[in-house]
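To keep things clear, I will list the structure first and then write my remarks on it.
Here the structure is a predicted model, which is why all the values come from computation and not from measurement.
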Amino acid sequence: MADKPIFDEYLSRPYLKASECAFSNLFIWKEYCHTTWCVSHGFLLVKIVRKENEFFLPPLGGDPAELHLVIEEMKEYTQGRPIEIHGVYEATKATLLATYPDLEFIEDRDNWDYIYLREKLASLSGRKYHGQKNHFNAFKKAHPDYSYEPMSAANLPECLAFSEQWFAQRMVTDPTIVHERDALHMALRNFDALGLRGGAIRINGKIEAFSYGTKINEDTAVLHVEKANVNIRGLYVAINKEFAEHGWQDVVYLNREEDMGMEGLRKAKEDLHPEMMWKKYSVFIK
């Protein structure tokens with residue numbers, strides 16, 4: 001790659017191993033986000049253009065002592081416009097402040113990550129989870145013959161077909177959901193290449209729910225998608241519990257990502273009682 005951040009490499013394939021970094025979302029959303037990237041001074045730089053708003057993800061990798069060289073090249077690229085960086089975690093914030101101590105960071109609450117203890121989601125034990133446990137018990141009583149199974153090449157076509165039905169029901173009132181549908185289909189069609197892991201629930205022989213994610217380090221996995229038939233009481237609770245119990249036995253924490261400022265989604269994530277929140281910030285570098 002050239003030394004300067006020219007951002008002319010289109011994200012047409014998984015360019016880093018998903019087992020090393022959680023970049024599968026960058027790949028599956030590449031069409032909607034117009035994602036481009038380059039490498040400068042050993043740093044991976046990713047640019048996203050969404051709704052005519054151009055911003056960058058924090059520079060990844062490289063020697064912190066050379067971060068200023070990358071930022072200066074990014075300034076050349078933006079030609080006087082402030083460099084807008086989103087998705088800055090605490091560690092990266094500290095690195096940027098070490099180089100530019102006068103930076104002011106803006107808390108991006110809508111994009112904070114919800115982090116849960118896997119064991120709690122798998123067991124739903126304790127008073128905090130009384131409501132979820134009731135929904136799960138009602139689901140089991142109504143569907144005693146349901147089964148849980150890992151997502152694999154054998155059932156991915158069925159998961160894809162179920163997702164088509166799920167999105168079709170919602171596109172009538174929300175046409176923009178087509179972007180999420182396209183991203184999900186991109187993920188399912190590249191499931192193994194992206195290092196994804198998933199689980200599905202089958203009722204009366206038919207896939208009615210699935211969830212998938214990525215293991216990002218030795219003790220944490222990120223859950224990217226969770227879809228279920230909303231007409232079946234307790235099914236969302238069931239796929240959440242079953243996937244946590246059977247799909248992620250090798251991790252301690254499950255990151256269920258952000259709520260995007262959606263009131264209903266925020267309540268649902270808060271009702272699962274996160275162990276902690278991973279803050280994210282935005283920053284403008286002039």
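- Under the salt bridge (Lys or Arg N to Asp or Glu O under 4.0 Å) criterion, Glu90 pairs with no residue at all, not counting sequence neighbours.
- At least one donor-acceptor pair closer than 3.5 Å links the side chain of Tyr236 to the backbone N or O of Ala228.
- Remark: the Asp182 side chain and the Tyr32 side chain contain no N/O donor-acceptor pair separated by less than 3.5 Å.
- Proximity of a side-chain donor or acceptor of Arg118 to a complementary backbone N or O of Ala244 within less than 3.5 Å is detected.
- Note on Leu265: it does not cluster hydrophobically with Trp112, by side-chain heavy-atom contacts below 4.5 Å among ILVMFWY residues.
- Classification of the His86-Phe55 ring pair by plane angle, with boundaries at 30° and 60°, yields parallel.
- In this structure a side-chain-to-backbone donor-acceptor pair under 3.5 Å is missing from His130 to Lys128.
- At least one donor-acceptor pair closer than 3.5 Å links the side chain of Ser211 to the backbone N or O of Val225.
- Looking at Asn155 and Arg202, their side chains never bring a donor and an acceptor atom within 3.5 Å of each other.
- Under the 4.5 Å side-chain heavy-atom criterion for Ile, Leu, Val, Met, Phe, Trp and Tyr, Val237 and Trp166 are members of distinct hydrophobic clusters.
- A donor-acceptor pair is defined here as one N or O able to donate and one able to accept, closer than 3.5 Å; such a pair exists between the side chain of Gln249 and the backbone of Glu245.
- Leu184 is listed as a side-chain neighbour of Tyr212, based on a closest heavy-atom distance under 4.5 Å.
- A donor-acceptor contact shorter than 3.5 Å is absent between the side chain of Lys280 and the backbone of Val88.
- Phe243 and Leu156 fall into different hydrophobic clusters, where Ile, Leu, Val, Met, Phe, Trp and Tyr side chains are chained together by heavy-atom contacts under 4.5 Å.
- A distance-only check finds no donor-acceptor pair linking the side chain of Lys133 to the backbone of Ser125 [under 3.5 Å].
- Judged purely by distance below 3.5 Å, without hydrogens or angles, the side chains of Glu208 and His143 never pair a donor atom with an acceptor atom.
- The ring-ring contact (aromatic ring centres under 6.0 Å, His included) test applied to His135 returns no partner, not counting sequence neighbours.
- Within the 3.5 Å criterion, the main-chain N or O of Ile239 finds no donor-acceptor partner in the side chain of Tyr148.
- Thr78 contributes a side-chain N or O that, together with a main-chain N or O of Met74, makes up a donor-acceptor pair within less than 3.5 Å.
- Other residues, nucleotides and ligands contribute over 12 non-hydrogen atoms within 6.0 Å of the OH atom of Tyr281.
- With Ser163 as the partner, the side-chain hydrogen bond (donor to acceptor under 3.5 Å, both in side chains) test is satisfied by one option alone out of Arg181, His185, Lys227: His185.
- Using modelled atom types and a 3.5 Å distance limit, the side chains of Asn240 and Gln132 yield no donor-acceptor pair.
- With hydrogens and angles disregarded, no donor-acceptor distance shorter than 3.5 Å links the side chain of Asn190 to the backbone of Ala193.
- Between Asp259 and Lys267 there is no salt bridge, since no side-chain N of the basic residue sits under 4.0 Å from a carboxylate O of the acidic one.
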